[in-house]
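This report refers to the structure that appears directly beneath it.
Computed over heavy atoms, backbone and side chain alike; hydrogens, waters and symmetry mates excluded. In this text the structure is predicted, and so the values were computed from the model without any measurement.
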Amino acid sequence: MIFWMAAAVGLAIAYLLGSIPTGYLAGKLLKGIDMRQHGSKSTGATNVLRTLGKWPASMVLLVDVLKGVGAIAFARWFCLWLSTVPSATPPTALDLQSSEPWAVCLAGLAVLLGHSRSVWLNFTGGKSVATGLGVLLAMSWPVGLGAAVVFGAALAISRIVSLSSMLAALTAMALVCGLEQPLPYRLLVIAGGVYVIVRHRANFQRLLAGTEPRLGKIA
């Protein structure tokens, strides 16, 4: 029982880490505005760039990436710590060392959900792209680097953040399936990639209609 309670607390911490509303706080602290009432009404770094400028957007992007990194690092540390607690004995069929990839998978999903459905913002938030990149880099840096390169190249060519984000998500899914990665990592990236793409469904419709704004224009 103690083991499962500890696992639930660990997931809650990953979710709350993701829930830190970086873009919303930037709007409130710098201009006293609610980012959900401006631009694309998202609290992500792209809307912060359009509304507040480059430096605030850069800081929001960095912190959001670090949220993903932190959630994965915490999951790995938590598994190690849990193995040293005598009263938190796992079920006999479960080995803590071999279950670490599953802990990473669940923590990654929790931090993505927290970023896009923040408890502090009435379960609204960003589209989990930057936080997802942090998860990828901490989980498997080749997958994260590949996704980042595709994002950067697509953005340089198209100047459309949403298109670049969806292409990066597809790239991450392809890489995690093509490289030697544990099954939980593959499930995390596939589920997270699909989630990011679904979060961009309105952008996808605007892309089809030719009305999606390019970087530097108001959404």
Side-chain angles (χ1 to χ4, degrees), residues 8-72 74 106-136 147 151 155 160-166 168-169 172 188-209 211-215 217-219:
V9 170
L11 285 179
I13 290 173
Y15 169 81
L16 291 173
L17 179 62
S19 289
I20 298 172
T22 319
Y24 174 83
L25 291 174
K28 283 294 184 181
L29 292 174
L30 296 177
K31 283 194 175 181
I33 61 174
D34 186 341
M35 292 299 302
R36 297 171 297 173
Q37 304 300 322
H38 295 267
S40 65
K41 304 188 187 327
S42 170
T43 60
T46 302
N47 197 34
V48 173
L49 173 63
R50 292 177 176 134
T51 308
L52 301 178
K54 292 181 179 179
W55 286 109
S58 298
M59 293 306 300
V60 169
L61 177 64
L62 176 61
V63 174
D64 284 347
V65 169
L66 289 176
K67 290 195 302 186
V69 172
I72 301 305
F74 169 76
L106 294 175
L109 292 174
V111 74
L112 291 178
L113 184 63
H115 179 79
S116 60
R117 302 292 182 185
S118 173
V119 66
W120 312 115
L121 300 178
N122 295 321
F123 300 101
T124 61
K127 294 188 172 79
S128 299
V129 176
T131 301
L133 176 60
V135 168
L136 290 176
F151 176 87
L155 185 61
I160 301 176
V161 176
S162 60
L163 175 62
S164 305
S165 299
M166 289 186 281
L188 166 61
V189 176
I190 291 171
V194 170
Y195 183 65
V196 166
I197 292 172
V198 169
R199 291 284 293 168
H200 283 85
R201 57 190 180 275
N203 304 84
F204 184 71
Q205 292 172 354
R206 290 195 294 268
L207 283 168
L208 292 178
T211 58
E212 180 72 349
R214 297 180 186 272
L215 199 64
K217 297 182 179 180
I218 301 298

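Counting only distance, with no hydrogens or angles, the side chain of R50 and the backbone of S40 share no donor-acceptor pair below 3.5 Å. Between the N203 side chain and the L163 main chain, no donor and acceptor come within less than 3.5 Å of each other. Looking at S118, its side chain does come within 3.5 Å of a backbone N or O of S19 through a donor-acceptor pair. No side-chain donor-acceptor contact under 3.5 Å links S42 to the backbone of G126.
Rounded to the nearest 0.5 angstrom, T211 OG1 and Q205 CD are separated by 9.5 Å. Rounding to the nearest 0.5 angstrom, the gap separating the CG atom in D34 from the NZ atom in K28 is 5.5 Å. With rounding to the nearest 0.5 Å, the separation of CG in L25 from CD1 in I20 is 8.5 Å.
Considering every non-hydrogen atom in both A172 and L136, the closest pair reads CB-CD1, 3.8 Å. Nearest heavy-atom pair across T124 and L121 is OG1-O, 2.7 Å. When all heavy atoms of S128 and V196 are compared, the pair lying nearest together is O-CG2, 4.1 Å. Summarising the geometry of L109 relative to A191, their closest heavy-atom pair is CD2-CB, 4.0 Å, with the distance given to 0.1 Å. Pairing each heavy atom of R206 with each of P213, the nearest pair is NE-CD, 4.3 Å.
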Listed pairs under 3.5 Å, donor-acceptor, residues 9-16 side chains, sequence neighbours left out:
unit_1	atom_1	unit_2	atom_2	d
Y15	OH	R117	O	2.6
Y15	OH	V119	N	3.3

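Under the side chain to side chain donor-acceptor pair (under 3.5 Å) criterion, S116 pairs with Y195, not counting sequence neighbours. In terms of the salt bridge (charged side-chain N to carboxylate O under 4.0 Å, His left out) criterion, residue partners of K67 (sequence neighbours excluded) are, by chain and number, D64.
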